[in-house]
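Working notes, beginning with the structure itself.
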Amino acid sequence: MTQVVQPSKIVCIGRNYAEHAKELGNEVPKEPLIFLKPPSALLPPGGTIILPPVSRQVEFEGEIGVVIGKQAHRVAEAEAESFIAGYTCVNDVTCRDLQKTDGQWTRAKGFDTFCPAGPRVVSLDWRSLSVVTRVNGIERQRAPSSDMIFPIPRLVAHISAIMTLEPGDLIATGTPAGVGRLVAGDVVEVEIPGIGILSNHVAAQETQ
Ligand code: ZN
């Protein structure tokens, strides 16, 4: 299995849907809240998400992924779309318990296999995108991109004012309401109609 994306960095957005911020008891942010996932967390379509034994609450987060097409440094929001190569499905897998106890999110969101992405990158109008997540065939999340607090061009402008975005870099644009736990044996799917379905199995880490 080969990776669909080869980013130098994965920039994620927290709390970009009002209903999701509410379900976790968080305020809606006044500007985009960003964090990084390591590229070592990437998992291709069909790959297996491995549950680390240190966590008792690993959750899915279906998200719209933005793939950068050309180097972006301090781009204006009005110009941001021209720096985007296309969009793909992302699952921002998260240890919800460690996210709370650690106080920052590097460990909770950084385990190997915690960033499934794919199955392809498609150039579409971001205004037409929506994301759907299913676990074992049951729908758990569904939201249009219009529900985002900060729209995609704003995110590209905001991030590129902080760090230069390189071609291939991936932005995970935040998850809508409906997040929930994954257990060994589950099959989790993130779908963006018009792009495809990112499907991954879930398994416990084998003990040494
Ligand atoms: Zn997320």
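If you're wondering where the values come from, they're calculated on a predicted model, not measured in any experiment. Just so you know, ligand 1 is whichever comes first in the structure, and atom 1 is the first atom listed for that ligand. For the single chain, residues carry numbers from 1 onward in sequence order.
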What is the name of the N/O/S atom in [X] that sits closest to the Zn ion (ligand 1)?
| X | value |
| --- | --- |
| D92 | OD2 |
| E61 | OE1 |
| E63 | OE2 |

(Q) Set out, in order, the CA-CA distance, both residues' side-chain angles and the distance that settles salt bridge (Lys or Arg N to Asp or Glu O under 4.0 Å) for K22 and E27, then state yes or no. (A) CA-CA 7 Å; K22 201 159 82 177; E27 297 290 316; over 6 Å; no
Q. For R127, does the CZ atom have more than 12 heavy-atom neighbours from other residues, nucleotides or ligands under 6.0 Å away?
A. yes
Q: Would you please say whether a donor-acceptor pair under 3.5 Å links the side chains of Q57 and E59?
A: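 Short answer, yes.
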Q | Euclidean distance, Q99 CD relative to L24 CG, rounded to 0.5 Å | A |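 The CD atom of Q99 is 7.0 Å from CG of L24, to the nearest 0.5 Å.
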